[in-house]
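What follows is one structure encoded as structure tokens, with my remarks underneath.
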2 protein chains.
Amino acid sequence: MTLSAVHARKRHAALTERSRETADLTLRLLEFMTLEPAPCGVTELSQQFGTSKATIHRHLRTLANREFVRQDPATLRYEPAIKLFQLGERLRERFGVLGAAREEMTRLREATGQAVTLSTLAEGRVVVLELVQGHTAVEFGIRPGTQMSLHASAHGKVALAFGPAALLERCLRGKLASTGPDAITDPAELKRQVEAIRQQGWATAANEVLFGMNALAAPVFDHRGAFAGALAIVGSTQFIDARPAAKQVALVRGAAARVSATLGWRPE
Amino acid sequence: MTLSAVHARKRHAALTERSRETADLTLRLLEFMTLEPAPCGVTELSQQFGTSKATIHRHLRTLANREFVRQDPATLRYEPAIKLFQLGERLRERFGVLGAAREEMTRLREATGQAVTLSTLAEGRVVVLELVQGHTAVEFGIRPGTQMSLHASAHGKVALAFGPAALLERCLRGKLASTGPDAITDPAELKRQVEAIRQQGWATAANEVLFGMNALAAPVFDHRGAFAGALAIVGSTQFIDARPAAKQVALVRGAAARVSATLGWRPE
DNA sequence: GAACGTTGTTTCGTTTAACGGAACATCGCC
DNA sequence: GGCGATGTTCCGTTAAACGAAACAACGTTC
């Protein structure tokens, strides 16, 4: 092995997978274009990724052949195609908790008048799976696909309290970024709160994500008793107090428990 | 050039992009795994795609590095990761008609009691963008991401009537597959119906998708007057008659018109 | 209206990285 | 304990990805 080869190998290992792989560029392109708000041009992308226009063009063609992206006939620019959305929806349906929760979500909305959200824990991330709009005048827009912070949201704190222990440990080790006015930033305080949430079986997060907003979340478990997600009502602090009404707590916990039961969970 | 090389070249041209491109395999893998209901194994995939296990493994690693797929630590099998869902949701939000319609959709649901769906026309396909659940006991599950047939659904027929003329032409030339009990299969009949829909400004499709189900759809236009999608109520034929009540028609058409207005459309 | 500066696209020879066979490391099962 | 699965790694071969440069099709500018 030559010296430069050794260096190349080292660099490879060091950067933990550089853009060595060609397919990798295709994936990066797809992701970039999806996060970009407007269609992208070949030249623009070639500058962005530091490669030639020819390469970008070839990759876009590959993506277009599989209908992952499309080219606007008028502007000649490229953008993600509808297929990506359709595949994403397919993936959503994989989460059993969603099917089990839908009915209960609308019922909870009727009972509370507030918007209802369902989240799940996937790959260590809390992601909103579904939203049922509330009946209030102003609506908070926690759209499906949104990723909630672990330490500064009701969904996240429920996941910390009832999800795998490793998740909490990792979260406590990391930096607790302040995502909103009243977000928790002290690890000790977080640990204390999570413990309380585990005891009481529900969590709130007033002014943690957005000022004036609160959520009340309860855990859902699957047939093995493993954490499957969180069900929550979300709305103005005017309707969901930092110390929520006993009735609201009972409604959310009840709904979550019934979803758990649908998933085959049986309380010991 | 050898003879086999000539053949290979010919095959390449004939099949209009075979699996020549390597990135192409990555995309096919991603799509296949998403449509598959359960996680996939390397061996299984290598048989499915007719390549070596080594190749499949390398591609899966590439996908995993970008977090498009994940490997179940327990079973070692691979499945699409949550990122795909998140990207799909990003894409959905690109459709302006969705943001403009959300409020009106819940209002229409309140007024009619039926489930409300919004579709758009993307790359010649009618795709359901959003669903607002109804208040009825049994719910029809037209989930977001679903692709509706052009000729045998209310959404599709509205697209044919108010979308680009080329779409209708192409549809009339193709075969009209029967997707439900009362689906239209005769091109002449379809042409006649589409004409009527264009005149009256709305469409129904009783028993076309599913027996006992009907939908009532009206078109939405953007600021340029171009077809932007369709708004519909969907429910049992018990509630939405094949000849729907005048009030229902007025409600749906009114809602669609207000969404159009939000998009900047002004009636001449 | 001709010259220019864009854009996306194509070609082509070089070189890199994708390829598959085979060996390897685990695991579960009989 | 050996068998038959699995997923993973290695390595020499070769095919396909690469970038430079030429190209074609617009818009703009002087």
Side-chain angles (χ1 to χ4, degrees), chain A residues 1-2 4-13 15-30 33 38-66 69-79, chain B residues 1-13 15-30 33 36 38-66 69-79:
Chain A
M1 195 185 277
T2 68
S4 69
V6 171
H7 281 165
R9 174 88 27 145
K10 261 192 178 165
R11 192 151 39 97
H12 181 64
L15 296 181
T16 328
E17 310 306 327
R18 244 193 63 74
S19 67
R20 285 265 152 268
E21 332 256 0
T22 56
D24 186 75
L25 177 58
T26 304
L27 295 175
R28 275 156 58 211
L29 271 169
L30 183 62
M33 292 172 70
C40 301
V42 172
T43 310
E44 170 195 351
L45 289 169
S46 74
Q47 289 163 358
Q48 185 72 33
F49 288 90
T51 57
S52 69
K53 288 203 294 177
T55 299
I56 295 292
H57 181 256
R58 185 160 20 79
H59 281 255
L60 287 174
R61 279 280 301 255
T62 306
L63 282 162
N65 280 333
R66 288 286 158 207
V69 306
R70 64 174 227 104
Q71 183 176 32
D72 190 318
T75 64
L76 297 182
R77 298 169 79 84
Y78 291 85
E79 65 181 329
Chain B
M1 196 186 278
T2 68
L3 213 145
S4 69
V6 170
H7 282 164
R9 174 83 33 141
K10 260 192 178 164
R11 195 150 38 96
H12 179 60
L15 296 180
T16 329
E17 312 304 327
R18 244 193 65 73
S19 66
R20 286 267 151 265
E21 332 255 0
T22 56
D24 186 76
L25 176 58
T26 305
L27 295 176
R28 274 157 58 211
L29 271 170
L30 183 62
M33 292 172 69
E36 207 67 6
C40 301
V42 173
T43 310
E44 171 195 350
L45 290 169
S46 73
Q47 289 164 357
Q48 184 72 34
F49 288 90
T51 56
S52 68
K53 288 202 296 177
T55 299
I56 295 292
H57 181 256
R58 186 160 18 82
H59 280 255
L60 287 174
R61 279 281 301 255
T62 306
L63 282 162
N65 280 332
R66 288 287 157 206
V69 306
R70 64 175 226 103
Q71 183 176 32
D72 189 318
T75 65
L76 297 182
R77 297 169 79 83
Y78 291 85
E79 65 180 330

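Each chain gets a letter, A, B and so on, in the order the sequences are listed, and its residues count up from 1.
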Gap between atoms CZ and P, on A:Arg61 and C:dT9 respectively (whole Å)
8 Å
Nearest-neighbour nucleotide for the B:Lys53 side chain, C:dT10, C:dC19, D:dT6 considered:
D:dT6
Testing C:dT10, D:dA16, D:dG7 for proximity to the side chain of B:Thr43, the answer is D:dG7
OG1 (A:Thr62) and CG (B:Leu25) are apart, to the nearest 0.5 Å, by 11.5 Å
Of the listed nucleotides C:dC19, C:dT10, D:dC18, the one nearest the side chain of A:His57
C:dT10
Respond yes when some side-chain nitrogen or oxygen of B:His59 is under 4.0 Å from OP1 or OP2 of C:dA18, and no when none is.
no
How is A:Arg58 classified with respect to the nucleic acid when contacts are heavy atoms under 4.0 Å: base, sugar-phosphate, or nothing?
base
Closest to the A:Thr22 side chain, choosing from D:dT8, C:dT9, C:dA17
C:dA17
Any salt bridge linking B:Arg61 with A:Glu21? Criterion: basic side-chain nitrogen under 4.0 Å from a carboxylate oxygen.
no
Calculate the interatomic distance between B:Phe49 atom CZ and C:dA18 atom P; express it in whole Å.
18 Å
Say you draw a straight line from NE2 of B:His59 to OG1 of B:Thr26; how long is it, rounded to the nearest 0.5 Å?
4.5 Å
Can you measure A:Glu21 atom CD to D:dC18 atom P for me and round it to whole angstrom units?
12 Å
Both B:Ala23 and B:Glu44 contact DNA chain D. Which one's nearest nucleotide lies toward the 5' end?
B:Glu44
Contact under 4.0 Å: A:Thr51 side-chain N or O vs D:dC18 OP1/OP2:
no
Ranking B:Ala54 and A:Tyr78 by the position along DNA chain C of their nearest nucleotide, the one closer to 5' is A:Tyr78
Whole-Å distance separating the CG atom of A:Leu45 from the C1' atom of C:dT7
13 Å
With rounding to the nearest 0.5 angstrom, report the CD1 to OG1 distance, A:Ile56 to A:Thr51.
3.5 Å
